[in-house]
Amino acid sequence: MSETPMNSLQYRFDGPEDAPVLILGPSLGTTWHMWDRQVPELMKQWRVFRFDLPGHGGAPAHPAGSVTDLAARLLATLDALGVHRFGYAGCALSGAVGAELALRHPERLASLALIAASPRFGTADEFRQRGVIVRTNGLDPIARTSPERWFTGGFAAAQPAITEWAVQMVRTTDPGCYIASCEALAAFDVRAELSRIGVPTLVLVGSDDQVTGPAEARTLVAGIPDARLAVVPGASHLVPVEQPAAVTDLLVRHFSTAWQPAFESTTGQTAIPAAPVKPVLAAPAPVAPVAEIAPAAMQPEPAGRPDRYETGLKVRREVLGDAHVDRALASADAFSGDFQEFITRYAWGEIWDRPGLDRRARSCVTLTALVAGGHLDELAFHTRAALRNGLTPVEIKEVLLQAAVYCGVPAANSAFKVAQQVIREETTPQE
């Protein structure tokens, strides 16, 4: 076990000290115990390193708001331990960390397994909405529905103890760290970079995973030059928990046969080898992976625009949500298109991106200004934006009460009606 400073992660080792290191990373809302059934077999060949995400499993609650930050904390932890090269298997959010390591620090990775992973996890709106629910209602609504997302119905019914364990794992997670992890997933998107992953990669997914299922897995395999796909029958999102023997067999086979050695050049520096041609996949026993993968259609690169426009579009989507921005842009025509470009570039690319105020403060100012101007339509979607930016319903109420004093009671009365309806819609847990 470890003591955990802010820039590192809580961890544990299992297995012989002189064996090569194999890292197992957990999913959002879980702890390193999700890998308990794999460790006895894996530690026969590897020194198994497991870590907890911030605020999970009793780890100190130092939120990490990006996948890049999580990868940096993991590397800082490993550096302090003298671990420089390793194999890595990560589930869901930790799979994103694995992709980040492969892209930014390929010299550290000997082999990679991405489990229940995706190059982009749903939409940013979905994860920011989850953050709004947690801020308002705590983690209990998320905890109660976690078995539905993580396990097949038959497994959950047959294994009530494991189902309850899953619920309690989520309930005991620090809410602030959970929200920060949602923000990390909301911002993660490596679809355009998959071809740069050069390490041998196993992409493993449960056949019944409704969160990041076989379609997302095939996108990873189609994009990563040296990748193989294994679809585990009868498993959902937490496939290492639901089908432990199958996952263990697949990991042993992959890391035993696809452990890329370090390459040294004449200068003594580590050289990154070119990605090999994707091999034809032989089906390992006892689980047969999918052998042929149709190339996934990659998203086209956005057309070139001035930097402030691209920055503004990114900020506008993060604050207002993809759905709102997509509607606004789709409705633009020859008459209104220039105005959409104007507000994207200057309001969002210039003003909202300035460093002098954080987004919470900007939301407070914006709500007050909209009350003063009586702009109730914009007040509605900026109330949603304020929730995404981290304001709680109580804080929004205080902003409107302050506005009532300085902008007038009738204006605040109308604003309260609009904000109340939005807050009800946004903070009601989806059962």
Side-chain angles (χ1 to χ4, degrees), residues 122-137 179 182-183 185-187 308-333 335-354 357-404 406-408 410-430:
T123 68
D125 283 355
E126 291 169 359
F127 284 101
R128 294 196 171 101
Q129 171 70 10
R130 194 183 297 187
V132 169
I133 290 172
V134 173
R135 285 190 192 96
T136 308
N137 302 284
I179 292 169
C182 288
E183 289 292 329
L185 286 170
R308 285 290 96 191
Y309 182 92
E310 291 300 335
T311 299
L313 187 59
K314 178 176 181 292
V315 173
R316 190 179 180 187
R317 288 184 179 281
E318 289 173 352
V319 174
L320 298 180
D322 289 333
H324 175 87
V325 177
D326 287 343
R327 285 194 300 270
L329 297 180
S331 65
D333 55 18
F335 182 77
S336 62
D338 288 345
F339 176 71
Q340 288 296 324
E341 186 163 335
F342 169 80
I343 61 174
T344 300
R345 179 178 286 114
Y346 294 106
W348 296 103
E350 295 283 353
I351 301 303
W352 272 86
D353 197 48
R354 290 175 64 85
L357 294 175
D358 64 19
R359 289 185 184 176
R360 284 170 48 87
R362 291 191 186 279
S363 277
C364 291
V365 173
T366 302
L367 292 176
T368 304
L370 293 173
V371 172
H375 305 302
L376 298 184
D377 287 344
E378 295 223 353
L379 180 67
F381 62 75
H382 271 286
T383 301
R384 290 187 175 88
L387 291 166
R388 288 192 184 91
N389 285 342
L391 289 177
T392 65
V394 170
E395 290 170 327
I396 292 173
K397 177 184 72 176
E398 292 301 323
V399 170
L400 298 183
L401 286 170
Q402 187 84 4
Y406 293 95
C407 302
N413 181 52
S414 298
F416 263 100
K417 292 177 183 177
V418 171
Q420 182 182 44
Q421 180 62 32
V422 170
I423 289 169
R424 282 175 178 169
E425 293 171 359
E426 293 293 308
T427 62
T428 300
Q430 302 297 313

Novice: Quick check for you: to the nearest 0.5 Å, what is the distance between W348 atom CH2 and L313 atom CG?
Specialist: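 That separation rounds to 11.0 Å.
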
Novice: By side chain to side chain donor-acceptor pair (under 3.5 Å), which residues pair with R327, not counting sequence neighbours?
Specialist: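 By the side chain to side chain donor-acceptor pair (under 3.5 Å) rule, R327 matches no residue at all.
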
Novice: Measure the shortest side-chain to side-chain distance between D353 and E350 over non-hydrogen atoms and say whether it is less than 4.5 angstrom.
Specialist: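 No, every pair of side-chain atoms sits at 4.5 Å or beyond.
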
Novice: With K417, which residues qualify under salt bridge (Lys or Arg N to Asp or Glu O under 4.0 Å), at least two apart?
Specialist: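 Applying salt bridge (Lys or Arg N to Asp or Glu O under 4.0 Å) to K417 gives none.
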
Novice: Which pairs of donor and acceptor atoms, one on a side chain in residues 373-384, lie under 3.5 Å apart (sequence neighbours left out)?
Specialist:
unit_1: T383; atom_1: OG1; unit_2: L379; atom_2: O; d: 2.7
unit_1: R384; atom_1: NE; unit_2: E426; atom_2: OE2; d: 3.2
unit_1: R384; atom_1: NH2; unit_2: E425; atom_2: OE1; d: 2.6

Novice: Would you call the rings of F342 and Y346 parallel, tilted or perpendicular if under 30° counts as parallel and over 60° as perpendicular?
Specialist: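 Aromatic pair F342/Y346 classed tilted.
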
Novice: For the backbone of A328 and the side chain of S331, can you confirm whether one donor and one acceptor N or O come within less than 3.5 Å of each other?
Specialist: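 Yes, the answer is positive, given that a donor and an acceptor are paired below the 3.5 Å cut-off.
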
Novice: Tell me, please, which residues at least two apart from E318 pass side chain to side chain donor-acceptor pair (under 3.5 Å).
Specialist: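 K314, R359.
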
Novice: Would you check if R130 and L185 make a side-chain contact, meaning some heavy-atom pair closer than 4.5 Å?
Specialist: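 Of all side-chain heavy-atom pairs linking L185 with R130, none is under 4.5 Å.
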
Novice: Taking the side chain as every heavy atom from C-beta outward, state whether E398 and L401 have any pair of such atoms under 4.5 Å apart.
Specialist: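 Sidechains of L401 and E398: in contact.
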
Novice: Which heavy atom of A419 sits nearest to which heavy atom of L400, and what is that distance?
Specialist: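 Nearest heavy atoms, A419 then L400: CB-CD1, 3.7 Å.
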
Novice: Would you say that T366 contacts W352 through its side chain, given a criterion of any heavy-atom pair below 4.5 Å between the two side chains?
Specialist: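 The answer is yes, as the side chains (C-beta and beyond) meet within the 4.5 Å cut-off.
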
Novice: Show, in sequence, the C-alpha distance, side-chain angles and deciding distance for D322 and T123, and conclude whether the side-chain hydrogen bond (donor to acceptor under 3.5 Å, both in side chains) test is met.
Specialist: CA-CA 8 Å; D322 289 333; T123 68; 5.2 Å; no

Novice: For R362 and R354, indicate whether the former's side chain and the latter's backbone hold a donor-acceptor pair under 3.5 Å.
Specialist: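 Confirmed, R362 side chain pairs with R354 backbone.
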
Novice: Please identify each residue that fulfils side chain to side chain contact (heavy atoms under 4.5 Å, CB included) with T392, with sequence neighbours left out.
Specialist: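 Partners of T392 under the side chain to side chain contact (heavy atoms under 4.5 Å, CB included) test: V394, E395.
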
Novice: Mind checking side chain to side chain donor-acceptor pair (under 3.5 Å) for N413 and listing every partner two or more places apart, or none if nothing turns up?
Specialist: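 If we apply the side chain to side chain donor-acceptor pair (under 3.5 Å) test to N413, skipping adjacent residues, there are no hits.
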
Novice: Might you point out which heavy atoms bring A323 and D125 nearest each other, and give the distance in Å?
Specialist: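 Smallest heavy-atom distance, with atoms named: N-OD2, 3.3 Å.
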
Novice: Would you give the length of the straight line joining atom CZ of R316 to atom CZ of R345, rounded to the nearest 0.5 angstrom?
Specialist: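 Going from the CZ atom of R316 to the CZ atom of R345 covers 12.5 Å.
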
Novice: State, yes or no, whether a side-chain contact exists between T368 and Y406 at a heavy-atom distance under 4.5 Å.
Specialist: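 A side-chain contact is absent here, since even the closest heavy-atom pair is not under 4.5 Å.
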
Novice: Any side-chain heavy atom of Q402 within less than 4.5 Å of one from V399?
Specialist: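 Heavy-atom side-chain distance check fails, nothing below 4.5 Å.
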
Novice: Are any of the side-chain heavy atoms of R128 and L387 separated by less than 4.5 Å?
Specialist: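 No, their side chains stay 4.5 Å or more apart.
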
Novice: What do you reckon, is CG of D358 surrounded by more than 12 foreign heavy atoms closer than 6.0 Å?
Specialist: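 Yes - once you tally the heavy atoms of other residues, nucleotides and ligands closer than 6.0 Å, there are more than 12.
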
Novice: Check for a donor-acceptor pair, side chain of S363 on one end and backbone N or O of R360 on the other, with a separation under 3.5 Å.
Specialist: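 Side chain of S363 to backbone of R360: no pair is present.
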
Novice: If you take all heavy atoms of F127 and A186, which pair is closest and at what distance?
Specialist: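 Closest heavy-atom pair between F127 and A186: CB-CB, 4.0 Å.
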
Novice: Checking side-chain contact (heavy atoms from CB on, under 4.5 Å) against V325, which of T344, L320, V319 comes through?
Specialist: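 Answer after filtering T344, L320, V319: L320.
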
Novice: Identify the heavy atoms of A332 and G337 that sit nearest to each other, and give their distance.
Specialist: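 Closest heavy-atom pair between A332 and G337: CB-CA, 4.0 Å.
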
